[in-house]
Visitor: 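First, the structure itself, so that you have it in front of you.
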Amino acid sequence: MEPCRPRLLAALVLLLVMPLAPLLALPAVAEDFRLSDQCPPGFEQLGGDVCRLATLYDQYGSLRGRGVGGTRTGLPPRRDGFTAQQIDLGRYLFFDPLLSADGSLSCASCHDPALGFADGRGRSTGLHGEALPRGAPTLWNSAFLQHFFWDARADSLEAQLTGPLYAPEEMGNNPADLLAALRGNDAYPVLFRAAFGDDSGPIDTAQVYAALAAFEASLVSLNSRYDRYAHGDHSALDAEEIAGLNVFRSFVARCAECHTPPLFTNQQVAVIGSPEPPGLARDIGAEATLGSPKLRGAFKVPTLRNIARTAPYMHSGRFETLDEVVTFYNGGRGHAVPEGEALQLHWHIVSPDLADHELEQLVAFLGTLTDERFLPRVPTQVPSGLAVGGRSAREAPTPTGDAP
Ligand code: HEC
Ligand code: HEC
């Protein structure tokens, strides 16, 4: 629940210290924080307080045997089963810059709900303003993913998030300082007990990771106009968009082989030969993760859900618009790979030779994958009293150089 009582005194103090605000962490009032006992929209509360996603896709069978591109295919296994309180605690943690070493960055700094849970940048900006090697992917539907990061190097939400938390150039924290900050806060110990039980002991890292994973797993986007069409409402898409869907799943364009509905990813890595931004060396991608030279330049096939909200595109933001992306795919197999560089392109990367109007139809179709109905509420304040969300990507300093 949000804090609701206006506190005159607090407001007065706030006015007085306003000029100092950037220097001071204003203590939030502990009693103002309560965890919601309601599951997020789209989830049902079952016995034992656990929230379970309810989606029409559960009426369909598994992917196997249906061919790719089929609209009535089920979803892969998902992370759910968290309680309403755990999810809501994760929401506070996600927006609280207390999680970073200097109190400036929260997860939302680079995964901003107003920017499709990405940050609108080709490459994200780290703690000290340096450009990170890659861009921030959306977090929508991460409950269904088996591998995380562009190079697929983490296998769970919990394993993933220790990356940004403790990387010196990202949030720069360490487990001991993180726990000390949370345990020393007025509100968090109470909130963690509300989420994990009275006997859960002092806050530990497993609880922090579980709450953040619970919140991430609640970010579900499966109610786009495309989905209404998939479930049988043919009026949900117009003729241009339906034509685009047909191009998308055709044997000519082959998009659906990799961006397989309903998640619009087959969760594999693939070498497609997308170019790096000018001046940047080739990012070897999943070669590093899997130790296979064949996978030099391979990246995880990203979901295309809410793709119209998350420009620029590709692992380092090489393309500003979806027009540029479809033009790239139509440019001929390997056309953007610098001469002399031997990348082993995936066999579904073809030279489809689509006409201009078909490229427009593809882009129109990609626009039907937008659904932000279950956008979570951004807290009005976070327990640390620091700025909600921390430094936003929009106000991040101009990158000063490359992170190691
Ligand atoms: C400084 C910016 C920044 C911050 C802060 C940040 N991230 Fe990220 N996040 C990124 C970037 C960049 C990537 C991709 C990195 C890569 O693939 O090597 C990423 C990747 C991810 C992924 C993988 C998504 C996928 O589809 O593979 C998840 C999940 C994620 N972040 C969650 C979080 C959480 C939770 C937090 C807070 C604990 C957080 N991030 C903080 C920039 C950030
Ligand atoms: C062989 C598998 C494969 C095929 C076929 C494929 N893609 Fe991709 N797609 C990928 C991979 C891998 C990436 C990420 C590459 C990178 O970051 O450099 C990607 C990235 C994208 C992106 C950018 C996503 C983001 O979040 O930045 C879009 C949009 C896209 N593809 C659309 C399409 C369309 C449209 C087609 C058909 C014309 C298509 N893809 C065919 C594998 C594929």
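Everything quoted here is computed from the prediction, not taken from an experiment. Sequence positions, counted from 1, serve as the residue numbers for this chain. Atoms within a ligand are numbered from 1 in the order they appear, just like the ligands themselves.
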Visitor: Is there a donor-acceptor contact under 3.5 Å linking the side chains of Y60 and H231?
Guide: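 Checked: Y60/H231 side chains pair up, N/O donor to acceptor below 3.5 Å.
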Visitor: Taking all heavy atoms of G273 and all of A336, pick out the closest pair and write down the distance.
Guide: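 Minimum heavy-atom separation between G273 and A336: O-CB, 3.8 Å.
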Visitor: Where's the contact between S106 and ligand 1, heavy-atom distance under 4.0 Å: side chain, backbone, both or neither?
Guide: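 Looking at S106 and ligand 1, just backbone atoms fall under 4.0 Å.
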Visitor: Any atoms of ligand 1 less than 4.0 Å from a non-hydrogen atom of T125? List them with their elements.
Guide: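 Ligand 1 atoms under the 4.0 Å threshold to T125: 1 (C).
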Visitor: Using the ring of each side chain (for Trp, its six-membered ring), is F117 parallel, tilted or perpendicular to F94, with breaks at 30° and 60°?
Guide: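 It falls in the perpendicular class, over 60°.
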Visitor: Polar-atom distance check: H315 versus ligand 2, any N or O pair below 3.5 Å?
Guide: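 There is such a contact, yes.
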Visitor: Can you tell me which portion of V271 lies within the under-4.0 Å heavy-atom range of ligand 2? Options are side chain, backbone, both, or neither.
Guide: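 Answer for V271: neither.
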Visitor: Please report the closest heavy-atom contact between P202 and R183, naming both atoms and the distance.
Guide: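 For P202 and R183, the tightest heavy-atom pair comes out as CB-NE, 3.9 Å.
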Visitor: Tell me which part of L304 gets within contact of ligand 2: side chain, backbone, both or neither, using heavy atoms under 4.0 Å.
Guide: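 Under 4.0 Å from ligand 2, L304 contributes side-chain atoms alone.
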Visitor: Run the contact test for S109 against ligand 1 with a 4.0 Å cut-off on heavy atoms, strictly below, and give the result.
Guide: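 So S109 does not count as touching ligand 1.
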Visitor: For R134, is there an ion pair with D283 - N to carboxylate O distance below 4.0 angstrom?
Guide: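 Judged by the 4.0 Å cut-off on N to carboxylate O distance, D283 and R134 do form a salt bridge.
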Visitor: Which one holds for R134 and ligand 1: side chain close, backbone close, both close, or neither close, with close meaning a heavy atom under 4.0 Å?
Guide: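 For R134, backbone and side-chain atoms both sit under 4.0 Å from ligand 1.
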Visitor: Below 4.0 Å, non-hydrogen atoms only: which portion of L99 touches ligand 1? Side chain, backbone, both or neither.
Guide: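 It is neither; nothing of L99 touches ligand 1.
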Visitor: Which is closest to atom 7 (N) of ligand 2 by heavy-atom distance: Y313, Y329, W347, W150?
Guide: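 Checking each option, the heavy atom nearest atom 7 (N) of ligand 2 is found in Y329.
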Visitor: Do you know the tightest heavy-atom contact between T73 and G70?
Guide: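 Residues T73 and G70, closest heavy atoms: OG1-O, 2.9 Å.
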Visitor: Provide, to 0.1 Å, the distance between atom 25 (C) of ligand 1 and the closest protein heavy atom, together with that atom's residue and name.
Guide: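 In this structure, atom 25 (C) of ligand 1 has K300 NZ, 3.1 Å as its nearest protein heavy atom.
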Visitor: When you measure from atom 16 (C) of ligand 1 to every protein heavy atom, which one gives the shortest distance, and what is it?
Guide: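 Atom 16 (C) of ligand 1 sits closest to the protein heavy atom F149 CD2, 3.4 Å.
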Visitor: Give a yes/no on ligand 2: does I307 have at least one heavy atom closer than 4.0 angstrom to it?
Guide: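 Flag set, I307 near ligand 2.
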Visitor: Does some non-hydrogen atom of E169 fall short of 4.0 Å from ligand 1?
Guide: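 Checking ligand 1 against E169, which is what was asked, there is no heavy-atom contact under 4.0 Å.
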Visitor: Could you tell me whether the side chain of R305 reaches within less than 4.5 Å of the side chain of L263, counting heavy atoms only?
Guide: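 A side-chain contact under 4.5 Å is absent here.
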Visitor: Of the options N330, V326, L362, which is the one that meets P352 in a side chain to side chain contact (heavy atoms under 4.5 Å, CB included)?
Guide: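 So the option named by the test is N330.
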Visitor: Specify the protein heavy atom at minimum distance from atom 31 (N) of ligand 1: its residue, its atom name, and the distance to 0.1 Å.
Guide: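 It is H111 NE2, 2.9 Å.
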Visitor: Pull out every atom of ligand 1 sitting under 4.0 Å from any heavy atom of G135, numbered as shown with elements.
Guide: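 Those qualifying, in numeric order: 11 (C), 12 (C), 13 (C), 14 (C).
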Visitor: Could you identify the single nearest non-hydrogen protein atom to atom 42 (C) of ligand 2 and state the distance to 0.1 Å?
Guide: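 So the nearest neighbour among protein heavy atoms is I272 CG2, 3.6 Å.
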Visitor: Can you tell me the protein heavy atom closest to atom 13 (C) of ligand 2 and the distance?
Guide: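 Heavy-atom neighbour on the protein nearest atom 13 (C) of ligand 2: P302 CD, 3.2 Å.
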Visitor: One thing to verify: whether E241 and R225 come together as a salt bridge, which I'm taking to mean a side-chain N less than 4.0 angstrom from a carboxylate O.
Guide: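 Between E241 and R225 there is a salt bridge, with a charged N closer than 4.0 Å to a carboxylate O.
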Visitor: Flag the pair D151 and R153 as a salt bridge only when some basic side-chain nitrogen lies within less than 4.0 angstrom of an acidic carboxylate oxygen.
Guide: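 Answer for the salt bridge query: yes.
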Visitor: For ligand 1, which atoms sit closer than 4.0 Å to a heavy atom of E216?
Guide: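 Near E216, the atoms of ligand 1 are 29 (C), 32 (C), 35 (C).
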Visitor: What about the rings of F264 and F248, do their centers lie closer together than 6.0 Å?
Guide: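 Yes, ring centres under 6.0 Å apart.
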Visitor: Please could you name the atoms of ligand 1 that F148 approaches to less than 4.0 Å, counting only its heavy atoms?
Guide: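 Reading through ligand 1 atom by atom, the close ones are 27 (O).
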Visitor: Please list the nearest protein heavy atom to atom 18 (O) of ligand 2 with its residue and the distance rounded to 0.1 Å.
Guide: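 The protein heavy atom lying closest is S274 OG, 2.4 Å.
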Visitor: Going by the salt bridge (charged side-chain N to carboxylate O under 4.0 Å, His left out) test, name the single residue among R282, R296, K294 that passes it with E287.
Guide: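 Of the listed options, the one satisfying the test is R296.
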Visitor: List the closest protein heavy-atom neighbour of atom 41 (C) of ligand 1: residue, atom name, distance to the nearest 0.1 Å.
Guide: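 Here the nearest protein heavy atom works out to P164 CB, 3.5 Å.
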Visitor: What protein heavy atom sits nearest atom 20 (C) of ligand 1, and how far away is it?
Guide: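 I find the closest protein heavy atom is P137 CD, 3.5 Å.
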Visitor: Could you work out, for atom 35 (C) of ligand 2, the closest of C255, G244, A270, P312 by heavy-atom distance?
Guide: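 Nearest heavy atom to atom 35 (C) of ligand 2 lies in C255.
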Visitor: Any idea which part of F299 is under 4.0 Å from ligand 2, heavy-atom wise: side chain, backbone, both or neither?
Guide: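 Within the 4.0 Å criterion, F299 contacts ligand 2 through backbone and side-chain atoms alike.
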Visitor: Among protein heavy atoms, which sits nearest to atom 1 (C) of ligand 1, and what does the distance come to when rounded to 0.1 Å?
Guide: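 Its nearest protein heavy-atom neighbour is C110 SG, 2.8 Å.
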Visitor: For ligand 2, which atoms have a heavy atom of L322 less than 4.0 angstrom away?
Guide: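 Answer for ligand 2: 29 (C).
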Visitor: Would R78 and D58 pass as an ion pair if we require N to O under 4.0 Å?
Guide: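 Yes, this pair counts.
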Visitor: Report yes if some N/O of H348 lies less than 3.5 Å from some N/O of ligand 2; otherwise report no.
Guide: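 No; every N/O pair is 3.5 Å or more apart.
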Visitor: Does any N/O atom on R254 come nearer than 3.5 Å to any N/O atom on ligand 2?
Guide: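 The answer is no, given that R254 and ligand 2 share no N or O pair closer than 3.5 Å.
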Visitor: To the nearest 0.1 Å, how far is atom 21 (C) of ligand 1 from its closest protein heavy atom, and which atom is that?
Guide: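 For atom 21 (C) of ligand 1, the nearest protein heavy atom is Q160 NE2, 3.1 Å.
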Visitor: Pick one of side chain, backbone, both or neither for how M314 approaches ligand 2, counting any non-hydrogen atom pair under 4.0 Å.
Guide: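 It is both parts that get close, each with some atom under 4.0 Å.
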Visitor: Judged on heavy-atom distance to atom 4 (C) of ligand 2, which of S316, A286, C258, G273 sits nearest?
Guide: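 The nearest heavy atom belongs to C258.
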Visitor: Among protein heavy atoms, which lies nearest atom 37 (C) of ligand 1, and at what distance?
Guide: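 Result: C107 SG, 1.8 Å.
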Visitor: So that I can tick it off, tell me whether R91 and E216 are bridged by a salt bridge, with the cut-off set at under 4.0 angstrom between side-chain N and carboxylate O.
Guide: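 Salt bridge between E216 and R91, a charged N being under 4.0 Å from a carboxylate O: no.
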Visitor: With a 4.5 Å heavy-atom cut-off, do I203 and F196 have their side chains touching?
Guide: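 Not touching, per the 4.5 Å side-chain cut-off.
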Visitor: Report the part of H259 (side chain from C-beta onward, or backbone N, CA, C, O) that has a heavy atom under 4.0 Å from ligand 2; answer both or neither where that applies.
Guide: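 Side chain only.
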